[in-house]
*Asks:* 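This structure is in structure tokens; I'll ask about it shortly.
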Amino acid sequence: MSKDAYTLTNADGSSSMELPVHKGTVGPDVLDIGSLYREQGVFTYDPGFVATGSCSSAITYIDGVKGVLMYRGYPVEQLAAHSNFLEVAFLLLYGELPTASQLEDFNESINRHTMLNEGMLRFFNGFRYDAHPMAMLSAVVGSMSAYYHDTMDINNPEARKVFAHRILAKLPTIAAAALKLNAGQPFIYPRNDLSYTENLLHMFFAVPAEPYEINKIAAQALDLLFILHADHEQNCSTSTVRMAGSSGANPYSAIAAGISALWGPAHGGANEAVLRMLEQIGEAKNIPRFVDKAKDRDDPFRLMGFGHRVYKNFDPRATIIREMCHKVLKQMGRTNSPLFDLALELEQVALKDEYFIEKNLYPNVDFYSGIIYRALGIPTSMFTVMFAIGRTVGWVAHWKEMITDPGGKISRPRQLYTGPPQRDYVPVDQRS
Ligand code: ACO
């Protein structure tokens, strides 16, 4: 990172200071305000981190204006076309694409960590039959620190590696246990002879009563969705993982915190919310009414699956998923999907609407992913869990980068205090 400087002068010109400027490999320059409070006695104010970099990172790059997304320098379009999820996972975790033997070892290691401790599996007996799978996912991932003590030393590289492989391997198994609980069906153990997404489909849909045939197109579609969801730099859940982990908390707790942050409808919960919104809209004739509601500032309703903090042109993942969506529906013989037709109609109406054009609101990754999940038979309440399975590797890569950063600090933002100034305590019998 080369350095430049930026001069900051106050309004009356009575004081100024030089702020170092950091230059990334690509992207805008970044002002280093670390010494601002010490030298000038002021904080910066940026609710929601709209213009604030919280860390430096070598994992993922996004240019929101040009619609660019790269993992470790590789455009996501190339990875989506030529790679597979576990190879992308290796790339995110270790910085380079694996050699053939590295990939073989990595696949083997992930395959060997798919089973859950039986004690942990019994946790599911305690949840209500209709518990939301995201609630179960965050609780069970949080509880992993009680079972896998060999990975609790965050300063030990081998422990970090085992943690990374273990959580990546076990997330589909935990997700499947949650799905089976909701379905009232017996848990299906993982099969290590299957690929990552084939095994996931097997655990989700197989039943002991009859053989289950894995649909190759479904496995391919999931693999692609996981590649597209694998990382997205400092998004809400990843920043949460970094923040929770910055205290030195065990890595399972940090990931559980990320899962909880992902659940919100403004973030990963949007894919579930899109489907529920489309069902609520019901028919194309109702679209204008819902678009008007979304535009009404006094109405909290928003068009789910539209808008993004960073992408102000288009979401490159949405373009890839849109195509995949057509392919999946066609290949699975569901060419007339009323829900997909409704989604396409809504997309067209919104893209032509002045409000959405002016505010640069385009369909995001979550707009189409739910339609694919629905076509694959995945229950709506599992959609955000699917996002979490894909994103786990990104969370782990960021956690690892944060923990191994020699200049790393506990995350501790400052604030603009707007409460009462100092006042004296009044005993209860003297209060009016
Ligand atoms: N429908 C209607 N209006 C919207 C929408 C929407 N989906 N999204 C943003 N706007 C409006 C806002 O009301 C705001 O209007 P204003 O200028 O009159 O105040 C303006 O567009 C800018 O929006 P902000 O909320 O300030 O943008 P921000 O970057 O904070 O939020 C977010 C981005 C959270 C994604 C937002 O667009 C949203 O809530 N979208 C719907 C939920 C969604 O799809 N989330 C998934 C995001 S992708 C992901 O996490 C994987």
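Every heavy atom of this structure was used, including side-chain atoms; hydrogens, water molecules and symmetry mates were not. Order of appearance sets the numbers: ligands from 1, and atoms from 1 within every ligand.
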*Asks:* Quick one: sort the His132 and Trp263 rings into parallel, tilted or perpendicular, breaks at 30° and 60°.
*Replies:*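 Rings of His132 and Trp263: tilted, 30 to 60°.
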*Asks:* Around atom 40 (N) of ligand 1, find the nearest protein heavy atom and jot down its residue, atom name and distance.
*Replies:* Phe306 O, 2.9 Å
*Asks:* Using non-hydrogen atoms of the residue, decide whether Gly48 is closer than 4.0 angstrom to ligand 1.
*Replies:* no
*Asks:* For ligand 1, is there an N or O atom under 3.5 Å from any N or O atom of Lys359?
*Replies:*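 Yes, since at least one N or O of Lys359 sits under 3.5 Å from an N or O of ligand 1.
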*Asks:* Counting only non-hydrogen atoms of the protein, does one fall under 4.0 Å from atom 27 (O) of ligand 1?
*Replies:*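 No, there is none.
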*Asks:* Under the side-chain contact (heavy atoms from CB on, under 4.5 Å) criterion, do Thr380 and Phe383 qualify, and how do the steps go?
*Replies:* CA-CA 5 Å; Thr380 311; Phe383 291 1; 3.9 Å; yes
*Asks:* Using a heavy-atom cut-off of under 4.0 Å, does the side chain or the backbone of Ala273 touch ligand 1, or both, or neither?
*Replies:* neither
*Asks:* Do NZ/NE/NH1/NH2 and the carboxylate oxygens of Lys327 and Glu323 come within less than 4.0 Å?
*Replies:* no
*Asks:* Any idea which atoms of ligand 1 are less than 4.0 Å away from a heavy-atom of Phe387?
*Replies:* 51 (C)
*Asks:* List ligand 1 atoms under 4.0 Å from Gly305, heavy atoms only on the residue side.
*Replies:* 43 (C), 44 (O)
*Asks:* Name the option, out of Asp296, Leu361, Val310, that contains the heavy atom nearest to atom 5 (C) of ligand 1.
*Replies:* Leu361
*Asks:* Any nitrogen or oxygen of Ala270, main chain or side chain, under 3.5 Å from a nitrogen or oxygen of ligand 1?
*Replies:*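 So ligand 1 has no N or O lying under 3.5 Å from an N or O of Ala270.
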*Asks:* Can you find an N or O of Val365 that's nearer than 3.5 Å to an N or O of ligand 1?
*Replies:* no
*Asks:* Can you find a protein heavy atom closer to atom 21 (O) of ligand 1 than 4.0 Å?
*Replies:* yes
*Asks:* Please check if the number of heavy atoms outside Met152 that lie under 6.0 Å from its CE is greater than 12.
*Replies:*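 Yes, because the 6.0 Å sphere around CE of Met152 holds more than 12 heavy atoms from other groups.
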*Asks:* Could you go through the side-chain hydrogen bond (donor to acceptor under 3.5 Å, both in side chains) check for His165 and Ser109 one step at a time?
*Replies:* CA-CA 7 Å; His165 294 198; Ser109 175; 2.7 Å; yes
*Asks:* My understanding is that we take every heavy atom of each candidate and find the minimum distance to atom 25 (O) of ligand 1. Doing that for Lys293, Arg302, Arg309, Met277, which one comes out nearest?
*Replies:* Arg302
*Asks:* Can you pull out the closest protein heavy atom to atom 45 (N) of ligand 1? Residue, atom name and distance to 0.1 Å, please.
*Replies:*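 Sorting protein heavy atoms by distance from atom 45 (N) of ligand 1 puts Ala266 O, 3.1 Å first.
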*Asks:* Work out whether the distance between some heavy atom of Pro265 and some atom of ligand 1 is less than 4.0 Å.
*Replies:*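 Under 4.0 Å: yes for Pro265.
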*Asks:* Counting C-beta onward and ignoring hydrogens, is there a side-chain heavy-atom pair between Leu222 and Tyr373 closer than 4.5 Å?
*Replies:*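 A side-chain contact under 4.5 Å exists here.
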*Asks:* Looking at ligand 1, does any of its N/O atoms fall within less than 3.5 Å of an N/O of Arg317?
*Replies:*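 No - when backbone and side-chain N and O of Arg317 are compared with those of ligand 1, no distance drops under 3.5 Å.
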*Asks:* Under 4.0 angstrom from ligand 1, any heavy atom of Arg297?
*Replies:*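 The answer is yes: ligand 1 sits under 4.0 Å from a heavy atom of Arg297.
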*Asks:* Decide whether the shortest distance between a heavy atom of Phe367 and an atom of ligand 1 is less than 4.0 Å.
*Replies:*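 False for this residue.
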*Asks:* Give me the ring orientation class for His326 and Phe340: parallel if the planes are under 30° apart, tilted from 30 to 60°, perpendicular past 60°.
*Replies:*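 If you compare the ring of His326 with that of Phe340, the planes turn out perpendicular.
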*Asks:* I want to know whether Tyr45 and Phe43 have ring centres closer than 6.0 Å.
*Replies:* no
*Asks:* Under 3.5 Å, N or O to N or O, is Leu303 touching ligand 1 that way?
*Replies:*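 Between Leu303 and ligand 1 (N or O atoms, distance only) the closest approach is under 3.5 Å.
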*Asks:* Among Tyr368, Phe301, Phe367, which residue satisfies the ring pair (Phe, Tyr, Trp, His ring centres under 6.0 Å) criterion with Phe306?
*Replies:*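 It is Phe367, the one option of Tyr368, Phe301, Phe367 that forms the ring pair (Phe, Tyr, Trp, His ring centres under 6.0 Å) with Phe306.
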*Asks:* Let me see the working for Arg166 and Met144 under side-chain contact (heavy atoms from CB on, under 4.5 Å), right down to the final yes or no.
*Replies:* CA-CA 10 Å; Arg166 182 174 276 158; Met144 285 174 80; 4.3 Å; yes
*Asks:* Please confirm whether Tyr355 comes under 4.0 Å of ligand 1, counting heavy atoms of the residue only.
*Replies:* yes
*Asks:* Return the closest protein heavy atom for atom 35 (C) of ligand 1 as residue, atom name and distance.
*Replies:* Gly307 O, 3.6 Å
